[in-house]
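Quick note: residue numbers are just sequence positions, from 1.
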Amino acid sequence: MTICKEKIKVIAFDADDTLWESENYFLEIEKSFVELMSNYISSEKISSKLFNTEMSNLKLFGYGAKGFTLSMIETAIKISNSQVSADEITQILNLGKSLLSIPIKLIDDVKETLDILKHKYKLVVATKGDLLDQENKLKRSGLIGYFHHIEIMTNKREENYKALIHHLDITAEEFLMIGNSLKSDILPVTNIGGQAAHIPFHITWEHEKIDEAKLLKNFINLKTIKDILKYIN
């Protein structure tokens, strides 16, 4: 698969684990939560129950640190049979709050790549998560000045991308999405006729995993973000 660079007008970037690191921080908080709750049930069961709670809450709370924090509290109540203490709830809240002020560690070559692309294309952020949290991360990242438009989505389905493309007043084939999630960043875009580039991150959230063997390879795979320059610069 190749990119048709002559048609591209807008390049959209996922944020978490594409522009900066994120999932590793969530895993660190989950590890701390499991340790805190380990007096009630086994660590493996805690992680499993937390994930199941997150999945059932997605439609209510959406993605991001706030929903994750509420899911930790709910899980703590369930696994402790409502015996979790006020002090333990406070510790869980503090774990969740710490996610809202995590250091922004840009992924290698992000700024250098944006510096080159901004002169030729409109650049946008297309990410999902909590609005306030993602806006704050963008501000703290030092990257916000590179982007023509910021789109913080409740989800990344085909209809969400169609709405974004309509808002940008372009066609799907004039849109290139770059991201680390095949499920959220790549498949919905290629399904509606857009172009996509996948940059794997070394950690993938369980919810974002799919069977790659069953995929049509109608997108390009990159090792690093700067590799996109080989296709479109």
Begin from the C-alpha positions of D109 and T224 and carry the test side-chain hydrogen bond (donor to acceptor under 3.5 Å, both in side chains) through to its verdict. CA-CA 8 Å; D109 302 314; T224 68; 4.7 Å; no
Under a 3.5 Å threshold, yes or no: a donor from one side chain and an acceptor from the other, between E88 and Y40? yes
Does any part of the side chain of N57, heavy atoms only, come nearer than 4.5 Å to the side chain of L70, both counted from C-beta? no
Does some side-chain heavy atom of M153 sit less than 4.5 Å from a side-chain heavy atom of T127? no
State, yes or no, whether a side-chain contact exists between F175 and M177 at a heavy-atom distance under 4.5 Å. yes
To the nearest 0.5 Å, how far apart are CD in Q195 and CG in L176? 6.0 Å
Can you see which heavy atom on T154 is nearest to which on N160, and at what distance? OG1-ND2, 4.4 Å
Answer whether the closest heavy-atom distance between the side chains of M72 and I29 falls below 4.5 Å. yes
Determine whether F147 and L114 make a side-chain contact, defined as any pair of heavy atoms from C-beta on separated by less than 4.5 Å. yes
What is the distance from atom CG of D17 to atom CZ of F26, rounded to the nearest 0.5 Å? 9.5 Å
Determine, using the 4.5 Å side-chain heavy-atom cutoff (strictly less than), whether I220 and V189 are members of one ILVMFWY cluster. no
Taking atom types as modelled, is there a side-chain donor on E35 or S32 under 3.5 Å from an acceptor on the other? no
Check the side chains of S71 and E74 for a donor-acceptor pair under 3.5 angstrom, ignoring hydrogens and angles. no
For K118, look at atom NZ and say whether over 12 heavy atoms of other residues, nucleotides or ligands are found less than 6.0 Å away. yes
To the nearest 0.5 Å, what is the distance between CD1 on I199 and OG on S181? 12.5 Å
Which pair of non-hydrogen atoms, one from A15 and one from V125, has the smallest distance, and what is that distance? CB-CG1, 4.3 Å
Intermediate values then yes/no, side-chain contact (heavy atoms from CB on, under 4.5 Å), I8 and I232: CA-CA 9 Å; I8 297 170; I232 63 175; 3.8 Å; yes
With hydrophobic residues grouped by side-chain heavy-atom distances under 4.5 Å, do I116 and F13 end up in a single group? yes
Are I150 and Y121 grouped together when hydrophobic residues (ILVMFWY) are joined by side-chain heavy atoms under 4.5 angstrom apart? yes
Is the number of heavy atoms from other residues, nucleotides or ligands within 6.0 Å of NZ (K45) greater than 12? no
Is the backbone of T171 close enough, under 3.5 Å, to the side chain of E174 for a donor and an acceptor to pair up by distance? yes
Rounded to the nearest 0.5 Å, what's the gap from OH on Y146 to CG on L123? Could you check? 10.0 Å
Could you pull out the closest heavy-atom pair between E54 and F68, with the gap in Å? OE1-CD1, 3.3 Å
I'd like to know if D14 and K128 make a salt bridge, using a cut-off of under 4.0 Å between side-chain N and carboxylate O. no
Atom pair CG (L143) and CG (L19), whose distance is rounded to the nearest 0.5 Å: 6.0 Å
Check the hydrophobic clustering (I, L, V, M, F, W, Y; side-chain heavy atoms under 4.5 Å; chains of links allowed) and say if I41 and I77 are grouped together. yes
Nearest non-hydrogen partners of I178 and T18, listed with the distance: O-CG2, 3.9 Å
Heavy-atom check, side chain of E30 versus side chain of L50, under 4.5 Å: yes
Going by the angle between their ring planes, with limits at 30° and 60°, are H149 and H167 parallel, tilted or perpendicular? tilted
Do Y25 and P103 make a side-chain contact, defined as non-hydrogen atoms from C-beta onward lying under 4.5 Å apart? yes
Does K7 come within less than 4.0 Å of E173, counting only side-chain N to carboxylate O? yes
Could you check whether T75 and T53, counting side-chain N and O atoms only, form a donor-acceptor pair closer than 3.5 Å? yes
With a 6.0 Å cut-off (strictly less than), is the heavy-atom count around NZ of K223, excluding the residue itself, greater than 12? no
For a salt bridge (Lys or Arg N to Asp or Glu O under 4.0 Å) check, start with the C-alpha distance between K137 and D16, then their side-chain angles and the critical distance, and finish with the verdict. CA-CA 9 Å; K137 284 195 282 188; D16 294 332; 2.9 Å; yes
Give a yes or no answer on whether the side chain of T190 reaches the backbone of I186 with a donor-acceptor pair at less than 3.5 Å. yes
Test: K156 and D185 ion pair at under 4.0 Å: yes
Nearest non-hydrogen partners of P188 and R157, listed with the distance: CB-C, 4.0 Å
Taking the side chain as every heavy atom from C-beta outward, state whether L222 and H198 have any pair of such atoms under 4.5 Å apart. no
On a heavy-atom basis, which atom in A65 and which in L99 lie closest, and how many Å separate them? CB-CB, 3.8 Å
Using the rule given for side-chain contact (heavy atoms from CB on, under 4.5 Å), can you reason through I73 versus I89, listing the C-alpha separation, both sets of side-chain angles and the distance that settles it, and then say yes or no? CA-CA 7 Å; I73 293 171; I89 293 293; 3.9 Å; yes
Kindly determine whether F219 and I3 satisfy side-chain contact (heavy atoms from CB on, under 4.5 Å), including the steps that lead there. CA-CA 8 Å; F219 56 90; I3 291 292; over 6 Å; no
Among side-chain atoms of Q91 and N94, is any donor-acceptor pair under 3.5 angstrom? no
How far does CG of D130 sit from NZ of K66, to the nearest 0.5 angstrom? 4.0 Å
Quick one: do V110 and L229 end up in the same hydrophobic cluster if we chain Ile, Leu, Val, Met, Phe, Trp and Tyr together by side-chain heavy atoms under 4.5 Å apart? yes
Surrounding CG of D169 (heavy atoms of other residues, nucleotides or ligands, distance under 6.0 Å), is the total greater than 12? no
